[in-house]
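Letters A, B, ... mirror the listed sequences (proteins, then strands); counts begin at 1. Only a predicted model underlies this, so the values are computations on that prediction, with no experimental measurement involved.
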Amino acid sequence: MAEITYREAVIQAMSEEMRRDDAVFLIGEDVGPSGGIFKCSEGLFDEFGAARVIDAPISEAGYIGLSVGAAVTGMRPIAELMFGDFSLLTMDQIVNQAAKIRYMTGGQCRVPLTIRTTMGAGRSSAAQHSQSLHALFAHIPGLKVALPSCPRDAKGLLKTAIRDDNPVLVFEGKMMYNDKGPVPEEEYTIPFGVAEVKRAGDDCTIIAVSSMVGLALEAAQTLSREDEISVEVVDPRTLVPLDEETLVESVRKTGYALIVDEASLRYGVTGELAALVTEAAFDYLDAPVKRIGAANVPIPFSPTLEGAAIPHSETIVDAVRALRGKIRR
Amino acid sequence: MAEITYREAVIQAMSEEMRRDDAVFLIGEDVGPSGGIFKCSEGLFDEFGAARVIDAPISEAGYIGLSVGAAVTGMRPIAELMFGDFSLLTMDQIVNQAAKIRYMTGGQCRVPLTIRTTMGAGRSSAAQHSQSLHALFAHIPGLKVALPSCPRDAKGLLKTAIRDDNPVLVFEGKMMYNDKGPVPEEEYTIPFGVAEVKRAGDDCTIIAVSSMVGLALEAAQTLSREDEISVEVVDPRTLVPLDEETLVESVRKTGYALIVDEASLRYGVTGELAALVTEAAFDYLDAPVKRIGAANVPIPFSPTLEGAAIPHSETIVDAVRALRGKIRR
Amino acid sequence: MAKKVTARRAKPVAKKKVTAALPEGASKRKTKPPRAKTAARRSGKAPRAKTAAKSNGLDADMLWSMYRKMVQIRKFEEHVWDVYIRGLMPGLAHLYIGEEAVAVGACAALREDDYITSTHRGHGHCLAKGARLDRMMAEIMGKEAGYCRGKGGSMHIADMSLGNLGANGIVGGGFGVATGAALSAKMRGTDQVSLCFFGDGAANQGILLETGNMAAIWNLPVIYVCENNQYGEHTPSDKVTGSERIVDRAEAMGLAGVRVEGADVMEVYEVVAAAVSRARRGDGATFVEMMTYRFRGHHVGDAATYRTAKELKWWMENRDPINLLGERMIKHGIADRSRLERVDEQVEEEVVEAVEFARNAPLPPAEQAREDVYA
Amino acid sequence: MAKKVTARRAKPVAKKKVTAALPEGASKRKTKPPRAKTAARRSGKAPRAKTAAKSNGLDADMLWSMYRKMVQIRKFEEHVWDVYIRGLMPGLAHLYIGEEAVAVGACAALREDDYITSTHRGHGHCLAKGARLDRMMAEIMGKEAGYCRGKGGSMHIADMSLGNLGANGIVGGGFGVATGAALSAKMRGTDQVSLCFFGDGAANQGILLETGNMAAIWNLPVIYVCENNQYGEHTPSDKVTGSERIVDRAEAMGLAGVRVEGADVMEVYEVVAAAVSRARRGDGATFVEMMTYRFRGHHVGDAATYRTAKELKWWMENRDPINLLGERMIKHGIADRSRLERVDEQVEEEVVEAVEFARNAPLPPAEQAREDVYA
Ligand SMILES: Cc1ncc(C[n+]2csc(CCOP(=O)(O)OP(=O)(O)O)c2C)c(N)n1
Ligand SMILES: Cc1ncc(C[n+]2csc(CCOP(=O)(O)OP(=O)(O)O)c2C)c(N)n1
Ligand SMILES: [Mg+2]
Ligand SMILES: [Mg+2]
């Protein structure tokens, strides 16, 4: 397997799907000749031209709206929202239109729309360029939500999203774009609704998404080395659909669970995941499920403050230690 | 105490606060001479005039944006979004602007902005006029979220919202506007972050919000009568800030908990509440916390379908029976 | 039911002097309404009816077809009202009565494979684009036989097989879908066009600027049809609209713009047909502001106390699109009163049949609530 | 630091023929840029400088003050660049170099208690509205002594005590706040005005239509200042803007509109001053499109390969606002080169001091992350 970056994986997924299917096109701000602010469309304009790699005006609601219209009439748009924060300008289009048009019309259409956007803090980009907003979309019936945590998943999940006949939001972890990882040379996709055990273990389950998976794996190493705690790291990969079974199985096995997400903790996805696994594995749990997320604050600019607001691998290590230290009566 | 409708309670709250403080004004679509589509501003235009009861163009993002600007410069806007579904057009203003401007500027301003909107299905209004979207806002640091479940709370919580120096979303249950209930004659407010035990009981806690409180009380009667199960119904009243203590206390007492919300279940607020009380009352729980919400579908139009998509008092009765039937090893 | 009127079948109608926007049937003395500025004015850039109106004879078939369709919409809506009053309909509906010429004239200029997007006040658009009375009425009553299997109701009727991409409960919700369908047509290399109906109120939604601008820069085959009925819910349009003419916004975005007397179905047809050929030729988007008026309240049950009886009366007497066309057909010897009345009676029967069909149709079983969420 | 320039202190500047928008210093032959349409043109409705430019002598104090402020911005930005290169600054910054005349001319027409909203490219606006160099630089470096206690950084600097309601990371994010501040001023019965800076890219955000329309219908005291620097990130404005003139959109919403040569600080001042008095008088909102150009990349680190060296050179040679004003001051005998150089040196020192202050200032302690969320 070749080692490529998360960014390259994203580009490969799009270019392969655009070659495969003329109906696929990319629209977004500066995705054209300049290759995107995050350089995630580099080369696409040269290969596919201005008709299929479209520089949009700074009109997020508008071009997501256009993408919905294009999707229900035979095209398969990939719409890029540079920062996840900008998705807030497009909520009406995504939630009131894209997610509902099929249902409201009694199944008369399909909406093969992929929205690529980013999540994650850590770049000192402050409150309007650092949010992780996947929970908002996971809550909306009619949408699917994928959160790739490594280059292989970035490529495989994005290809699946593009081929899916429903609106899919793919949240790319912007701190991972330069991360390298093995990616199969041959054509592949990764099905939605299939979690992956990223590391097997016996003493505690960590359910993590996006860049939190990397932190969890780091923490698992530390815990194995320093505490002889064997951690299992499970990545749901898609929040909708959700592979409950794999999550629950792992928790039943280990008896302990920690859920890690980078979004602000309150009313985020960790609550749902905790509630689900608690209900299904109640009799196997030796302690209540623990959760880690960002502090309930807008993301601050200064590194000292930003660092204090988001999870780190040490936060995870500490939480697992606390969890395992707390034996149930 | 006088018996007034939920609608009248809302009107009283606004008119009292507008009399009390010249900085308070109301802006929204058709709130003026016509008194609003839900008749929730009837009489205000006559009393306070066009300068303080402002008919806005159909520009939701725009007038919420104006309200933010007015709020940081000395006014105390009440902005009405007729249907909660329309809040999706204003997410950038609420989440990127209103919720963050104080924080981003290091505390240089206050944002005394109240956004009144509606939630709830049951009127055959279909997918774009029936959503209950409070979870989206409860997830965002910097916002407060109130969900009055009766006329008394509608008045008391709205008055508190108007006096609060932070952006507050008040979700009014549109199916309750005609419901009557006792409301104190004298001036009062209801503090945020204080849950209310709407009915005391010993065998099972139901945590419910908005119109689900009424269903839970109905269910509690049935359960008392038919099953001799004594149910305690707790209404958090505000999701942010949240009165964890009262919720946890009740669950510790009864050992069983059911959480009921009208929004679609997946990644909604019930997950967070379940996770919170489970963690804090783990050793007191005789069964895993159960949750009820709407089906994970857009709200359908036809009564048979709509009825199948949302919770009813029978759904609650059944859930409590199942919960109490399942005794923990 | 009347056959679908498409541009392919359409024979040329009389080429009217385009600045004389007043319908012939309206007396010149009575034409100034108590409020609102209805005078039609054209921008220099406005497209002219070309292909569709090249002769100056009136096409009788087409006029009859448009007349019949307008009557169909009128009677359909009257029955929706009736069905509402009788408690046979869940929820609400927004009636199109008074505005029939806009939908009928505009859709007459479209092919079956062209797209439209519609609004909360959408029954007229749907029927004009060829929808069946029975399945429409069934949808409005929440029946499984309805266009959306009972999932959409009055505000979400769609018939994708006829290019009707659906009504929308979000005011301005059609801008994105319609403009995207135009982008799609262009990318797929078809010569389909897309037509977006929306109201004067919707013209204050920012997405108009966003999508209109994209239509301009990418030269998309889309026609924006603003139904300026001078109210958004209870609020008069001029209280909430900064510019005197909404169509000016189009030109400022780089679109061609034109304002039209919306009660004159031929004028509507002619202008939209010109815009359609322009779009089909690849010459880009047009924005048409139609001056119109709703004869009923905002929705069934709204007493419309926010406007004067005098104003309403003026419009009903001077701008009833069905009367105007009927009178003109009589004047030109194409129709006589008894034939017009026969059409009315036939259509009435059809609509009554549709209501009966819908009444007797079964409600969808509860388990269908979980279907159609994902493809 | 230079004293704040306010309209109260402002003496009249020479009343130029308003259609002759070219700065005196620019040779007439060199004035056509390789791309973009900079010719200033006025709409009929445009406000004229009245109160502020009633004599025809140049006010030397004011010119010096504006010159100094522009140099301050230029040097501040150069040091931001330097600080970025040296790794002293977290995140990114968008430099205002080349556009100084817009912020300085516009803010010179404002009172201290007037409001502004700023953008991601906001350092110039902040300094022009009177912000301190040291606290700005401290904010940019993420220090506790910064305007926002390190919570905002380059993109969110605000100084509410001087009416600066803050920069915004959302393109178009200022429209709502600025227009709302104008509504608030009107409701509170003050004669404050509100000025909204935004880019050509931001003019494609739909909220422009929404807020501009409300400013028009409610006659709000707001001035929209569009900084048309002809690019949004890497994309040329004319590729994504349907109309030739952005200001046309304003008129279509019912606002007064005017386009201005943004490199001429006096022209900018004059036009904005006129708009400000118009707003203060209660005569409503104005939209000013400033033709300008950024001399650096979109943000620090952007090599700006999407535009030609020739284009950049033209602008730097013909439209450097600091050169233009300096030359004019020399020509009118207000300045000589050595005095201008002395100002440069003084300002350089001030900025270096500010950088030192910021470098030595402490980072905020971690626990402050949880402060300032709620009031
Ligand atoms: C985004 C949004 N805002 C508000 C409403 C409520 N609403 C329904 S119809 C309507 C008036 C629309 O006016 P207009 O666009 O002129 O259409 P008309 O009803 O006159 O045909 C309003 C405000 C809505 N459905 N969607
Ligand atoms: C809503 C939103 N969309 C996109 C961006 C990313 N972005 C930052 S600056 C910029 C270009 C803005 O162009 P313009 O308004 O012309 O301002 P300029 O940078 O030229 O001063 C873009 C697209 C953003 N910050 N916010
Ligand atoms: Mg209208
Ligand atoms: Mg720009």
Proximal component of [X], with respect to chain B [non-hydrogen, under 4.5 Å]:
X        : answer
A:Ile259 : neither
A:Ala61  : neither
A:Gln131 : side chain
A:Val269 : both

Closest approach of [X] and [Y], non-hydrogen atoms and distance?
X        : Y        : result
A:Phe282 : B:Pro288 : CD2-CD, 3.3 Å
A:Ala135 : B:Tyr267 : O-CB, 4.5 Å
B:Pro298 : A:Tyr103 : O-CE2, 3.1 Å

What option among B:Ala138, B:Ala275, B:Ala274 has the most heavy-atom pairs under 4.5 Å with chain A?
B:Ala138

Per-residue tally against chain A (heavy atom, under 4.5 Å) across B:Leu239, B:Leu265, B:Leu276 peaks at B:Leu239

Would you call A:Asn96 and B:Asp85 a side-chain contact if the rule is heavy atoms closer than 4.5 Å?
yes

Specify which of A:Thr270, A:Ile299, A:Val240 makes the most heavy-atom pairs with chain B at under 4.5 Å.
A:Val240

Selection from A:Asn296, A:Leu273, A:Asp92 maximising heavy-atom pairs under 4.5 Å formed with chain B:
A:Asp92

Output the distance between atom CG (A:Leu285) and atom CG (B:Leu285), rounded to the nearest 0.5 Å.
11.0 Å

Enter the distance from B:Phe301:CZ to A:Met104:CE here, rounded to the nearest 0.5 Å.
13.0 Å

Checking B:Ala280 against chain A: side chain, backbone, both or neither under 4.5 Å from a heavy atom?
neither

Toward chain A, the part of B:Ala127 with a non-hydrogen atom under 4.5 Å:
both

The side-chain contact (heavy atoms from CB on, under 4.5 Å) partner of A:Met91 among B:Leu136, B:Val95, B:Leu133, B:Thr90 is B:Leu136

Is there a donor-acceptor pair closer than 3.5 Å between any side-chain N or O of A:Ser264 and the backbone N or O of B:His139?
yes

I'd like to know if A:Glu272 and B:Arg266 make a salt bridge, using a cut-off of under 4.0 Å between side-chain N and carboxylate O.
no

